[in-house]
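Atom set for the values below is all heavy atoms of this structure, side chains included, hydrogens, waters and symmetry mates excluded. Below, read A as the first sequence line, B as the second, and so on, with proteins coming before strands; counting in each chain starts at 1.
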Amino acid sequence: MSPPPSPQFSMKQEIENLLEQAVADLRGRGELSDAAVDAAAGARVQRTRDARHGDFASNLALALAKPAAANPRDLAAKLVDALPASDAVEKVDIAGPGFINFHIKRDAWLRVIDAIDSAGESYGRSDRGAGRRALVEFVSANPTGPLHVGHGRGAAYGDAVARILSAAGFDARREYYINDGGRQMDILALSVWLRYLQGGDGGLGKTVARHFPVNAYQGGYVRDLAAAAREQHGDAFMPGGANDAGDAADAADATTVDTTVDTLFAALPDDSEARIDALIARCKSALGDGYRRLFAHACDALVGQIRDDLLQFGVAFDTWFSERALLDGGDIERAVAALDARGHIYEQDGATWFRASAFGDEKDRAVRRADGSHTYFASDIAYHFNKAGRGFDLLLNVFGADHHGYAGRVLAAFEAFGFERERLQTRLVQFATLWRGNKKVQMSTRGGQFVTLRALCEEVGVDAARFFYVSRKNDQHMDFDLALARAQSADNPVYYIQYAHARICSVFRREMESGAADAGAPAALTEPGEFELLQTLSRFPEVVEAAAAAFEPHLVAYYLRDLARDFHAYYNAHPFLSAPPGVRRARLQLIGAVRQVIANGLALLGVSAPKKM
RNA sequence: GCGCCCGUAGUUCAAUCGGAUAGAGCAACGGCCUUCUAAGCCGUAGGUUACAGGUUCGAAUCCUGUCGGGCGCGCCA
């Protein structure tokens, strides 16, 4: 799938190489100590903000100054003297406290056009990851309801990170962890069952409706699940009908059922959470084996719906990992045993504990309760033990901000297993505060009050929604105004970028129609705007690398806006098709390169690059 | 109370593991369609980077404290 990495044009890399040789030279002559060079390892070559500082600047001399106990400007002068000759460098000067500024020959920038042309879709890709295997786990919402807009940010972010890691040479996979083992899922099954009873024969509707718990799942989708259950399983989930579903539809059964429903709601605890737990217990005993089938019906249906919603959103997971599979497969026992073997497990007050505090967590955490049941954390430990055991070099967990308390304990367990800390990375995605105009939108899955991801896609479109989500740094709080997103969808920055792509495609369509065949070379480019574009184009591989290294897709989004801005300005200032013969071809080559890079960049964000708008 | 994340222009957000004069979109104001898509371009205006100290050649970025916002602190999931 991923094209082989090709050696790519990188002016920055060239400058870095020159400096490296200069340092080696000075070190060889004894003018720099090894210790000083090591201490200055953090020095970097970076693009300048101000053209007067040249095209690239290095703070190497500043970083070396202290460990080498020398004046930074003197050091800079020595480094400059030791620089090997390069046909790309116009001149080098020393500025300010000791920056080394590189001015690139204009002609050298022209090379980027050929580099993009020959690399095509793989321009921007690198082998930085060297084929290392990465697993990105994201979304992982409980299948207790459809995905809502709060999940969208994690979905857009995680998917973009996976795409960017792939581009950076990692073998990246996407995984969704299905939390299908907990109490929330029992509440869902109960909710579906009650709606099922409510919709059945026997006059149960009013009774059930009156007793439907406020803290059960209220959403309309629960009724849909109940209706589907009835369609697929008939009366199988009626109390008393579970064991002899075949002939349960007798008139006599109505009274049986009615009585059961009365007792179902009789003498319940006052506390709402205790009440719902009691109802779950009654549901289980009423259905017997049927409970498992009802549970599976609800869970499978919702997971399927989530999968469809995500596919529509452009996110395809490689694996769907079920918590129940962990439970059934004995993974929890194995994981706890592994920790125990390393001496990190102890018993206290009848419960079993993991010594998380020994690995930087705030306190020790229970993995097994006094009653013998395992905690939620235990399955999480087992899950990460399993993931690490599958041979991934990098595990990236994308958590919602409300799970941040988790990162510490999961990392503690990971380390306790003997895995290197760095293999497990966690990135938090902050909540998006939803607004409709100036009114805050409250969201609750149990209460059924939420805007679904699907509805968002239909309202503002997948491209606009995805771009918006990844246009903010993941740990930054963000406001999402639904009214604005809808009203201003045409002003969304994503269209600005897509429009640049469409405009270029349009130019080439016109060119095809004209049938003109002329020659030309990039050397005919002389306008300042053309060199700005060339420099921006040459930045793309650096942006992708930086985005991959820090898991920051927003860097790509901002880069694309820069590139589109440079292009639109150029478009308005210069003709392409009606330019003089040699220049004409060169300009078309330039904008062809722009089109390629926009398409490559948008693909990293999972956003389409339309040929027409 | 303790812990984590955050605080940048009217507003929504950037700022290359500490770099030189903190930048964009939207909103506001003034211009540009007889030429390749005006979903565009050009220009103007907008800042004590919450506040106070500290570290150094250099701080929005690192440290300490204060204020403000979000989230989390169970043998719940």
- Query: Can you check whether A:Arg510 has a side-chain N or O nearer than 4.0 Å to OP1 or OP2 of B:U37?
  - Reply: yes

- Note on the structure: Rounded to whole Å, the CZ-C1' distance (A:Phe399 to B:A77) equals 14 Å

- Message: With a 3.5 Å limit on both atom pairs, tell me what B:G7 is paired to, counting Watson-Crick and G-U wobble, or say none.
- Response: B:C67

- Note on the structure: Rounded to whole Å, CZ of A:Arg472 lies from P of B:A24 at a distance of 17 Å

- Task: Both distances under 3.5 Å, Watson-Crick or G-U wobble: report the partner of B:C73, or none.
- Result: B:G1

- Query: Between the base of B:G19 and the side chain of A:Asn59, is there a donor-acceptor distance below 3.5 Å?
  - Reply: yes

- Item | Centroid under 5.5 Å and tilt under 30°, A:Tyr571 to B:C41 | no

- Query: What is the pairing partner of B:C41, taking Watson-Crick or G-U wobble pairs with both distances under 3.5 Å in any strand?
  - Reply: B:G31

- Query: In whole Å, what is the span from the CG atom of A:Asp50 to the C1' atom of B:G23?
  - Reply: 13 Å

- So what's B:A60 paired with, Watson-Crick or G-U wobble, going by both distances under 3.5 Å? none

- Query: Across the strands shown, which category fits A:His404 at heavy-atom distances under 4.0 angstrom: base, sugar-phosphate, nothing?
  - Reply: base

- Message: Tell me if the side-chain of A:Tyr406 makes a donor-acceptor pair with the base of B:A77, cut-off 3.5 Å, by modelled atom types.
- Response: yes

- Report yes if a side-chain nitrogen or oxygen of A:Gln476 is closer than 4.0 Å to either non-bridging phosphate oxygen (OP1 or OP2) of B:U8; otherwise report no. no

- Message: Can you tell me whether the base of B:C57 sits syn or anti, using the 90° cut around 0 to define syn?
- Response: anti

- Task: Examine B:A20: is either OP1 or OP2 under 4.0 Å from a nitrogen or oxygen in the side chain of A:Arg49? Give yes or no.
- Result: yes

- Query: Can you check whether A:His574 has a side-chain N or O nearer than 4.0 Å to OP1 or OP2 of B:U35?
  - Reply: no

- Check against side-chain hydrogen bond (donor to acceptor under 3.5 Å, both in side chains), A:Gln184 and A:Thr144: CA-CA 7 Å; A:Gln184 296 303 326; A:Thr144 53; 5.9 Å; no

- Query: Do any of residues 359-372 of chain A sit with a heavy atom less than 4.0 Å from RNA chain B, and if so which?
  - Reply: A:Glu362, A:Lys363, A:Ala366, A:Arg369, A:Ala370

- Message: Taking the six-membered ring of A:Phe359 as reference, does the cationic atom of A:Arg421 (NZ for Lys, CZ for Arg) lie under 6.0 Å from its centre and within 45° of its axis?
- Response: no

- Measure from OH on A:Tyr376 to P on B:G72 and round the result to the nearest Å. 14 Å

- Task: Please tell me which of A:Tyr558 and A:Asn179 maps to the more 5' nucleotide of RNA chain B, matching each residue to the nucleotide holding its nearest heavy atom.
- Result: A:Tyr558

- Task: Identify whether a stacking contact exists between A:Phe99 and B:A20, where the ring centres must be under 5.5 Å apart and the planes under 30° apart.
- Result: yes

- Task: Go through the N and O atoms of the side chain of A:Asn101 and the base of B:A20, and report whether any donor-acceptor pair is under 3.5 Å.
- Result: yes

